[in-house]
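All figures in this text were calculated on a predicted structure; none of them were measured in a lab. Here is the naming used below: chain letters follow the sequence lines, and residue numbers restart at 1 for every chain.
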There are 2 protein chains.
Amino acid sequence: MDGSLDELSDVAGALADPVRREILAMLRHTPLAAGEIARAFPVSRPAVSRHLRVLRESGLVRDEPAGRQRLYTLVPSGITRLAAWLGQFDAPPGWEQRLDALGTEVRRARRDRTAAPRAVDHDSEERSA
Amino acid sequence: MDGSLDELSDVAGALADPVRREILAMLRHTPLAAGEIARAFPVSRPAVSRHLRVLRESGLVRDEPAGRQRLYTLVPSGITRLAAWLGQFDAPPGWEQRLDALGTEVRRARRDRTAAPRAVDHDSEERSA
DNA sequence: GGAACACGTAACCCACTGGTTACGTTTTGG
DNA sequence: CCAAAACGTAACCAGTGGGTTACGTGTTCC
């Protein structure tokens, strides 16, 4: 069974570990056996084995027996789904400006607070544009 | 202080929680006060407050005092960085074929390994530092 | 000044995570 | 047939995460 009911959480959770990210990077172009993967990290082989399980259960890799080894292959659909979710934050035009405005705003707000320790009258105009 | 030495882990970790993802979605177009955000979820307000802290420490949002409220604003750079990392998995053309060729690859890998049992020599791009 | 409000934080619980060592299982091969 | 190889899994432990309730602090407003 898959396990979680929230695929994005599983994918993001899997990606939250540097070892697992590097494993994925290793599998980017070619499938690899568990042992080969494990040999690339300073942690114990069982530890890597569990990282592989996390990746498997999140759907990011698929494993296939190959003799007495087990080959791991990247399955990019999860990555695609997460990338799609991230895509919703793609600049709805006027984005760069907004960033610039934010920077200014912060600086201004800080100055205001330092100079005049009373009520902030920041009235953010940054949302208006 | 930022805290973690691995920004991508922080970002992915923050995204691994559905509540935090929804908070980000809420902030996509407009800044919101902590209370407004908290009201949108069934969990207690302190719980949301800590979610906001995680988002803040991962650099995904910035907060700014506004009277007796605290305004949270989306900071998209982290999302961009993660999206960029995901981008390395974009089909380097010929991907489908590669899956087909998996069987062959397996056999070849086995032979290689039998002949030379040494470590993987994949190109690692994610610096461990 | 003092009540009410909008927060963040502390203390506490329980579930999960990531590491380890020890072990079980299947496949290879002399 | 039996030893070694290549795995996954179990048991254990320290640390973290997310939830709760209780509390402290700064702002507003009368």
Review point. Is Arg50(B) side chain donor-acceptor paired with the dG18(D) base, going by distance under 3.5 Å alone?
Key: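 Pair found.
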
**Study point:** Spatial distance of atom CZ (Arg81(A)) from atom CG (Leu60(A)) [nearest 0.5 Å]
**Key:**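 Taking CZ in Arg81(A) and CG in Leu60(A), the distance rounds to 11.0 Å.
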
Check your understanding: Relative to the 5' end of DNA chain D, which residue comes earlier, Arg45(A) or Ser44(B), by the nucleotide with the nearest heavy atom?
Key ->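 Its nucleotide being nearer the 5' end, the pick is Arg45(A).
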
Check your understanding: So how far is it from Arg70(A) CZ to Leu52(A) CG, rounded to the nearest 0.5 Å?
Key ->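 Between Arg70(A) CZ and Leu52(A) CG, I get 10.5 Å after rounding to 0.5 Å.
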
Review point. Of the non-hydrogen atoms in Arg20(B) and Ala14(B), which two are nearest, and what is the gap between them?
Key: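 Scanning both residues completely, I find the closest heavy atoms to be NE-O, 2.9 Å.
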
Point to revise | N or O in side chain of Gln69(B) less than 4.0 angstrom from dC7(C) OP1/OP2 | key: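 It does, given that an N or O in the side chain of Gln69(B) lies less than 4.0 Å from OP1 or OP2 of dC7(C).
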
Check your understanding: Once you round to the nearest 0.5 Å, how far does CG of Leu24(A) lie from CD1 of Ile79(A)?
Key ->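 With rounding to 0.5 Å, CG (Leu24(A)) is 5.5 Å from CD1 (Ile79(A)).
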
Review point. What is the nucleic acid contact for Ala47(B), judged by heavy atoms within less than 4.0 Å: base, sugar-phosphate only, or nothing?
Key: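 Touches a base.
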
Check your understanding: So do Leu82(A) and Leu86(B) actually touch side chain to side chain, heavy atoms under 4.5 Å?
Key ->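 Yes; the side chains approach each other to less than 4.5 Å.
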
Practice item. Using a 4.0 Å heavy-atom cut-off across all strands, classify Pro46(A) as base, sugar-phosphate, or nothing. Key: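 Base, at least one base atom sits under 4.0 Å.
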
Review point. Is any side-chain N or O of Ser49(B) closer than 4.0 Å to OP1 or OP2 of dC7(C)?
Key: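 No, because none of the side-chain N or O atoms of Ser49(B) sits under 4.0 Å from OP1 or OP2 of dC7(C).
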
Review point. Separation of Glu57(A) atom CD from dC16(C) atom P, in whole Å?
Key: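 In whole Å, dC16(C) P and Glu57(A) CD are 13 Å from each other.
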
**Study point:** Length of the line joining Leu71(A):CG and dG8(D):C1', which is rounded to integer Å
**Key:**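 Atom CG in Leu71(A) sits about 15 Å away from atom C1' in dG8(D).
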
Review point. At under 4.0 Å, does any side-chain N or O of His51(B) touch on OP1 or OP2 of dG17(D)?
Key: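 Answer no for this pair, as no side-chain N or O of His51(B) is under 4.0 Å from OP1 or OP2.
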
Review point. Quick one, which residues of residues 17-26 of chain B touch DNA chain C with a heavy atom under 4.0 Å?
Key: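 Nucleic-acid contacts, sorted: none.
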
Check your understanding: Does the side chain of Glu22(A) come within less than 4.5 Å of Phe41(A)'s, by heavy atoms?
Key ->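 A side-chain contact under 4.5 Å exists here.
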
Point to revise | Atom pair distance, as rounded to whole Å: CZ in Arg70(B) and C1' in dG26(D) | key: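 The distance from CZ of Arg70(B) to C1' of dG26(D) comes to 10 Å, rounded to the nearest Å.
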
Review point. Below 4.0 angstrom from OP1 or OP2 of dG8(D), is there any side-chain N or O of Tyr72(A)?
Key: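 True: Tyr72(A) side-chain N/O within range (under 4.0 Å) of dG8(D) OP1/OP2.
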
Review point. For Val48(A) and Arg68(A), take the nucleotide of DNA chain D holding the closest heavy atom to each; which residue's nucleotide lies nearer the 5' end?
Key: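 Looking at the nearest nucleotide for each, Arg68(A) comes out on the 5' side.
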
Point to revise | Residue-phosphate contact under 4.0 Å: Arg53(A) side-chain N/O, dT9(D) OP1/OP2 | key: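 Yes, Arg53(A) has a side-chain N/O under 4.0 Å of OP1/OP2 on dT9(D).
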
Exercise for review: Compare the minimum distances between each of dC7(C), dT20(D), dG19(C) and the side chain of Ala33(B), then state the nucleotide with the smallest one.
Suggested key: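 That would be dC7(C).
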
Review point. Say you draw a straight line from CD1 of Ile23(B) to CG of Leu32(B); how long is it, rounded to the nearest 0.5 Å?
Key: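 Output value for this atom pair is 10.0 Å.
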
Check your understanding: Which whole-number value in Å describes the distance from Leu52(B) CG to dA6(C) C1'?
Key ->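 Distance check: Leu52(B) CG to dA6(C) C1' gives 13 Å.
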
